[in-house]
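As structure tokens, the structure follows; a few thoughts come after it.
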Amino acid sequence: MVLIMLTALETFEEVYVKVSLCFVVAGFVVAVLLMKYKFLYRKLGRDDVTGGKNKKEFERIAKDLIGGSGTYVLVYANIDRFKLINDDYGDSVGDMVLQKVQSIIDAELRWDEVSGRIMADNFGVLMRFNSIKMLEHRLARISEQIADLKDENGNHYGIILYYGVYVIEQGENDISAIMEYANLARRNISPSHMVPIGIYDERDRQRLSREKTLEMKMRKSLEQGHFIPYLQPKFELKGETVAGAEALVRWIDPEEGMIYPNEFIPLFESNGFVVDIDLYMFEEVCKMQEKWNQEGKPIVPVSVNLSRTHFEVPNFFEQYEKILEKYDLPPKTIEIELTESLFYNDLQSLNELVSHIHEVGLSCSIDDFGSGYSSLNMLKDVKVDALKLDRVFFASGDNDKRGRDIIQSVIQLAQALDLHTISEGVEERAQVDFLKEMDCDLIQGYVFAKPMPVTEFEKLAFGQR
């Protein structure tokens with residue numbers, strides 16, 4: 001009997017040991033899994049470039065914080081012209097600068113605040129809010145440190161942050177919408193603040209609502225032909241007769257009527273829909289030119305705009321070629337207008353595009369020449385056919401001698417390079433007389449005609465003789 005009890009006791013002890021060992025092993029496995037989960041969680045929440053929080057992790061923490069007590073403000077920070085740093089120093093230096101910017105922002109934050117990189121050179125910062133003045137002081141400290149960043153030779157990068165500010169109301173928790181409001185507020189940047197700050201107000205809410213309304217119906221409007229070309233005539237100066245036109249898009253909505261470009265073009269440029277509009281307008285002009293040619297009308301070149309957004313897509317001009325192949329057009333009946341700002345980038349690629357434009361029988365001009373900081377050297381390298389002098393040249397009035405001298409110099413330079421000159425935005429007769437003296441080729445402006453429907457342009461252009 002005793003022997004049997006001892007055997008049973010030993011069996012119980014063995015079982016106990018085995019069960020205990022299983023618990024220990026299970027606890028160890030759970031601990032390892034928790035550590036791995038924590039490591040992976042942290043890794044997933046870290047931005048690959050800056051080492052700080054990525055967009056998803058920033059939004060998660062920000063949403064938790066604003067759900068607590070107290071008032072918060074969301075700041076959307078953007079580095080002005082960051083692309084120049086990448087262009088001048090390379091991507092690796094650009095990444096290093098982003099790391100330093102993130103570190104400087106994080107060093108300013110308290111335990112119940114958070115920041116992270118949203119995308120590219122944009123950062124989200126959630127801060128406690130007491131007053132705009134106190135917020136300005138905190139953002140000024142960040143800006144001063146970032147402005148002091150230098151390259152390896154001791155030269156300042158010249159970094160400026162632009163801030164959009166949205167004060168979060170009690171109960172708001174849609175962090176995506178809050179970030180959108182803060183980003184939108186950057187349009188309101190005012191020089192009255194210590195640093196470049198734009199503060200969101202009710203007008204922004206109305207603007208955002210309007211933009212969403214337009215976005216909801218823009219594609220359907222394109223499919224149903226509610227976008228139509230208007231033509232603004234270009235007049236040759238000697239006889240003051242129509243010698244060309246620029247195609248400008250107008251949105252004729254069945255419910256609202258005319259929606260003007262200054263309302264929808266900036267929106268389309270930001271959401272990428274401008275690419276669809278440009279291609280649509282190009283095809284509409286091709287149809288129009290083929291019709292005129294079949295009717296035996298004299299050739300009147302029409303220019304179309306090409307947005308810089310196209311350049312984000314490799315080989316984008318192939319789409320233009322496919323459209324062009326569908327129509328029988330005489331050479332140089334269509335001109336592609338390239339905005340001056342495109343010439344700040346890769347001149348070699350741009351020159352290849354201009355050559356390609358010429359190969360398919362189109363001409364090419366630089367639009368808004370003089371609106372930015374043009375390099376006159378680019379005129380030597382890029383073989384365009386014409387320069388369009390920006391309206392900024394004519395904004396100072398007739399008595400601005402210095403402005404007149406600049407216009408004269410640009411026209412003489414264009415003539416020396418065998419380029420046609422078009423002056424746009426001309427609104428006064430005295431300007432017309434001056435441009436005649438300077439031998440400017442064409443004028444486009446309200447002094448002669450506003451943009452008009454195609455039928456009206458046809459009466460003006462083909463009935464003038």
Side-chain angles (χ1 to χ4, degrees), residues 55 58-59 62-63 66 73-82 117-126 161-169 171-190 196-230 247-281 284 304-313 339 341 368 451:
K55 180 177 183 288
F58 167 76
E59 289 180 341
K63 189 170 183 177
I66 63 176
V73 61
L74 197 140
V75 178
Y76 195 104
N78 170 258
I79 301 176
D80 181 45
R81 293 184 291 180
F82 179 74
R117 190 168 77 109
I118 306 306
M119 63 175 184
D121 56 345
N122 298 280
F123 295 82
V125 189
L126 186 77
L161 283 187
Y162 284 84
Y163 304 101
V165 172
Y166 179 74
V167 180
I168 302 170
E169 297 178 6
E172 282 189 287
N173 61 4
D174 186 346
I175 195 67
S176 296
I178 290 169
M179 290 208 346
E180 192 172 5
Y181 298 152
N183 186 24
L184 194 65
R186 289 190 297 120
R187 300 182 185 181
N188 302 331
I189 285 176
S190 166
I197 294 178
I199 301 172
Y200 185 92
D201 62 21
E202 185 55 35
R203 288 172 298 175
D204 295 308
R205 194 183 298 273
Q206 294 170 0
R207 186 188 307 141
L208 190 60
S209 174
R210 174 61 172 164
E211 288 180 351
K212 288 185 175 179
T213 299
L214 295 179
E215 282 187 315
M216 286 175 63
K217 61 183 179 180
M218 64 188 187
R219 296 195 180 277
K220 187 175 180 181
S221 290
L222 185 60
E223 292 169 4
Q224 296 182 346
H226 298 160
F227 291 98
I228 65 171
Y230 267 44
L248 301 165
V249 65
R250 293 293 184 266
W251 188 351
I252 313 296
D253 185 75
E255 298 173 355
E256 296 188 42
M258 177 77 77
I259 303 175
Y260 288 95
N262 61 348
E263 187 173 8
F264 65 83
I265 290 295
L267 171 64
F268 291 174
E269 287 176 340
S270 65
N271 66 19
F273 191 62
V274 70
V275 170
D276 301 77
I277 292 295
D278 283 353
L279 288 167
Y280 172 80
M281 287 290 289
E284 288 297 296
V304 295
N305 292 286
L306 192 150
S307 168
R308 64 180 301 115
T309 310
H310 286 278
F311 288 80
E312 297 173 7
V313 181
T339 184
S341 60
D368 302 327

Counting only pairs under 3.5 Å, give me each side-chain donor-acceptor contact of residues 260-268, with atom names and distances, residues two or more places apart or in other chains.
unit_1, atom_1, unit_2, atom_2, d
Glu263, OE2, Arg210, NE, 2.4
Glu263, OE2, Arg210, NH2, 3.2

Listed pairs under 3.5 Å, donor-acceptor, residues 273-280 side chains, sequence neighbours left out:
unit_1, atom_1, unit_2, atom_2, d
Asp278, OD2, Ser307, N, 2.9
Asp278, OD2, His310, NE2, 3.1
Tyr280, OH, Phe227, O, 2.8

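Taking CE of Met258 as the start and CZ of Arg250 as the end, the distance is 6.0 Å to the nearest 0.5 Å. Between the CG atom of Asp253 and the CD atom of Gln224 there is a distance of 9.5 Å, given to the nearest 0.5 Å.
Partners of Tyr166 by ring-ring contact (aromatic ring centres under 6.0 Å, His included), not counting sequence neighbours, listed by chain and number: Tyr181, Tyr200. For Asn305, the side-chain hydrogen bond (donor to acceptor under 3.5 Å, both in side chains) partners two or more places apart in sequence, or in a different chain, are Glu246. Listed by chain and number, the residues in a salt bridge (charged side-chain N to carboxylate O under 4.0 Å, His left out) with Lys63 amount to none (sequence neighbours excluded). Not counting sequence neighbours, Arg219 has no partner by the side-chain hydrogen bond (donor to acceptor under 3.5 Å, both in side chains) test.
Scanning both residues, Ile66 and Asn173, for their nearest heavy atoms gives CD1-CA, 3.8 Å.
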For this session: Applying side-chain contact (heavy atoms from CB on, under 4.5 Å), run through His226 and Lys217 and close with a yes or a no.
Result: CA-CA 10 Å; His226 298 160; Lys217 61 183 179 180; over 6 Å; no
For this session: In sequence, state the C-alpha distance, the side-chain angles, and the governing distance for Ile79 and Leu161, and then conclude on side-chain contact (heavy atoms from CB on, under 4.5 Å).
Result: CA-CA 5 Å; Ile79 301 176; Leu161 283 187; 3.4 Å; yes
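Looking at Asp204, its side chain does come within 3.5 Å of a backbone N or O of Asp201 through a donor-acceptor pair.
The environment of Met216 atom CE is sparse: at most 12 non-hydrogen atoms of other residues, nucleotides or ligands sit within 6.0 angstrom.
Side-chain contact between Arg117 and Asn122: absent, with no pair of heavy atoms (C-beta onward) separated by less than 4.5 Å.
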